[in-house]
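First comes the structure, then the notes that go with it.
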Amino acid sequence: MKSTLSRTPMPARFAIGIILILAITLALFILLMAPPMSELGLMALFLGITALVSALAGFAAYRLGWIDLSPTLRWTLLGGYALASILTFFNVWFSAQMMFASEHDLLLAIVLLVFASGMAMVLGYFLSSTVTERIHLLKGAAEQLAKGDLKTRVPVHGRDEVAALAATFNQMAEQLQAADQKQRELESLRRDLIAWVSHDLQTPLASMRAILEALSDGVVDEPEMVNRYLNTARRDVRSLSALIDDLFQMAQLDAGGFPLNRAQTSLNDLISDTLENFSELAYRESITLEGRVEPNVDPIFMDTQAIGRVLNNLISNALRYTSAGGKIYVSAQRTAKGVEATVSDTGEGIRVEDIPNIFERFYRGEKSRNRGTGGAGLGLAIARGIVRAHGGEIRVESELGKGTRFIFQLP
């Protein structure tokens with residue numbers, strides 16, 4: 001009903017209001033005084049004339065746009081009170097002049113009407129001041145916001161439209177502050193990205209250049225040493241290739257263009273194959289690598305290669321930070337939301353301050369960026385991107401010195 005009324009044009013609402021008041025007044029006249037039909041007709045005529053004059057005056061003020069000429073909202077409201085008082089005075093005076101037999105009563109009514117109009121104006125000024133003061137607060141806060149003070153907020157009082165506007169303003173300011181903070185973080189990340197990529201590309205390139213120069217200049221001529229240099233160069237090439245692949249995959253995930261070739265397949269087989277691929281490395285590092293998948297998990301609608309990449313990243317990350325004698329355990333089970341896979345280790349754990357940023361690209365808790373103790377910092381970011389592309393989510397639980405658990409869910 002409120003929605004229908006708000007869609008009704010303003011002049012139509014004004015006319016409906018006048019007709020409603022006229023009908024209510026005549027109904028009260030009949031109910032309280034039970035007049036004969038002649039007096040009822042006369043009263044209807046008087047009220048109709050005064051209602052018509054009031055309607056014409058109000059509509060003329062509306063059409064002339066007197067509200068637009070007002071310098072402040074306070075004067076607009078006072079103007080409305082003044083017009084209402086004048087029309088009330090005219091209505092009562094006209095009716096009294098037609099109906100009152102005593103001139104004394106007519107003059108008394110005029111005096112009382114002047115007093116009532118004055119009181120209405122004073123009360124209107126007082127009430128309008130409370131509204132305009134809140135609007136001035138909003139205006140001042142908007143000016144502060146325009147100057148860049150994104151911490152500006154306004155107090156919210158009441159439940160009316162001004163209070164709703166204040167709440168909306170605060171919500172907008174919070175969103176602007178969050179967007180500004182996000183922009184600052186992105187700018188900082190962009191600067192860090194350039195530095196980090198330069199570092200991670202420069203290190204193997206410098207190594208390969210030194211090797212090639214040594215081989216080209218004949219500094220190294222012993223076959224055993226030459227093979228060692230070539231193996232080092234081959235390892236650096238693989239490192240560069242892996243980093244470039246990671247960057248390309250990260251760019252695809254950011255652009256939303258990461259291709260998923262999903263089909264009904266076996267997570268049990270995928271976990272088994274992944275564990276087999278890492279078994280030799282785990283054996284050399286003296287780390288126990290085990291896994292278990294519940295019987296009711298398969299089949300799963302997923303991209304086998306992409307989820308395999310997630311498992312590879314998580315297990316290689318666990319191997320990197322688990323010392324000799326430790327254990328890595330991979331499991332999968334059905335839940336109410338789908339399938340939950342877990343990669344847990346007994347490694348060194350993650351510091352509390354690093355956990356919120358662990359899935360950010362190029363973020364590494366080890367600040368020296370030594371590739372011997374960590375990768376480029378893209379593995380976990382890529383894992384999160386792939387899981388989210390599947391409509392799932394990934395999280396981490398860790399306790400320093402006791403180990404870490406990465407859990408990802410697939411719908």
Side-chain angles (χ1 to χ4, degrees), residues 238 241-285 287-322 327-347 358-361 375-398 403-411:
R238 285 198 299 266
S241 177
L243 177 58
I244 292 171
D245 288 344
D246 285 348
L247 289 171
F248 178 68
Q249 200 163 41
M250 199 71 246
Q252 284 184 307
L253 290 169
D254 286 343
F258 185 76
L260 289 178
N261 300 314
R262 288 193 278 192
Q264 295 289 347
T265 186
S266 171
L267 182 61
N268 191 356
D269 292 343
L270 179 60
I271 290 178
S272 178
D273 293 342
T274 306
L275 292 176
E276 181 65 27
N277 292 336
F278 282 99
S279 61
E280 180 62 27
L281 178 58
Y283 176 76
R284 291 202 307 265
E285 299 291 337
I287 297 173
T288 302
L289 186 60
E290 296 179 353
R292 181 180 182 276
V293 178
E294 292 186 355
N296 63 340
V297 166
D298 293 329
I300 299 177
F301 188 62
M302 65 179 181
D303 185 326
T304 305
Q305 185 175 359
I307 297 302
R309 178 67 185 275
V310 173
L311 290 170
N312 282 333
N313 289 355
L314 295 179
I315 294 174
S316 61
N317 193 70
L319 284 168
R320 185 178 299 120
Y321 295 104
T322 302
K327 181 179 179 180
I328 297 174
Y329 189 76
V330 182
S331 64
Q333 61 182 358
R334 281 232 173 241
T335 66
K337 296 181 179 180
V339 173
E340 183 177 271
T342 303
V343 177
S344 58
D345 63 64
T346 58
I358 201 69
F359 291 104
E360 297 298 329
R361 71 199 70 181
L378 286 173
L380 294 179
I382 291 173
R384 180 177 65 175
I386 292 174
V387 171
R388 286 184 173 178
H390 279 77
E393 195 54 68
I394 186 170
R395 68 183 190 276
V396 60
E397 300 172 357
S398 185
T404 302
R405 297 175 70 240
F406 284 94
I407 306 104
F408 66 90
Q409 293 178 336
L410 297 177

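In terms of heavy-atom proximity, S398 sits nearest to G403 at OG-O, 3.2 Å. The shortest heavy-atom contact between D298 and S266 is OD2-OG, 2.8 Å. Pairing each heavy atom of G308 with each of L270, the nearest pair is N-CD2, 3.7 Å. The two residues F278 and S316 have their closest heavy-atom pair at CE2-CB, 3.9 Å. Annotation for A332 and L267: closest pair CB-CD2, 3.8 Å, computed over non-hydrogen atoms. Closest non-hydrogen pair, L289 versus S279, comes out as CD2-N, 4.1 Å.
A salt bridge is absent between E294 and R334: the closest approach of a Lys/Arg side-chain nitrogen to an acidic carboxylate oxygen does not fall below 4.0 angstrom.
Atom CD1 in I407 sits 4.0 Å away from atom CD in E397 (nearest 0.5 Å). T265 contributes atom OG1, which lies 12.0 Å from atom CD of Q305 (distance to the nearest 0.5 angstrom). The CG atom of L314 lies 11.0 Å from the CG atom of L319; values are rounded to the nearest 0.5 Å. To the nearest 0.5 Å, the span separating CZ on F406 from CZ on R395 amounts to 12.0 Å. A distance of 12.5 Å separates OG1 of T342 from CZ of R292, quoted to the nearest 0.5 Å. Rounded to the nearest 0.5 angstrom, I307 CD1 and N312 CG are separated by 11.5 Å.
When the shell of 6.0 Å around CD of Q333 is examined, it contains more than 12 heavy atoms from other residues, nucleotides or ligands.
Between the side chain of S344 and the backbone N or O of Y329 there is at least one donor-acceptor pair closer than 3.5 Å.
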Stepwise side-chain contact (heavy atoms from CB on, under 4.5 Å) check, L275 with I315: CA-CA 8 Å; L275 292 176; I315 294 174; 4.2 Å; yes
Please evaluate residues F301 and L410 with respect to the criterion side-chain contact (heavy atoms from CB on, under 4.5 Å), reporting the C-alpha separation (whole Å), side-chain torsions for both, the decisive distance (0.1 Å), and the verdict. CA-CA 9 Å; F301 188 62; L410 297 177; over 6 Å; no
Evaluation steps, side-chain contact (heavy atoms from CB on, under 4.5 Å), between I271 and L311: CA-CA 8 Å; I271 290 178; L311 290 170; 3.8 Å; yes
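Residues V396 and T404 form a side-chain contact, since some pair of their non-hydrogen atoms from C-beta on lies under 4.5 Å apart.
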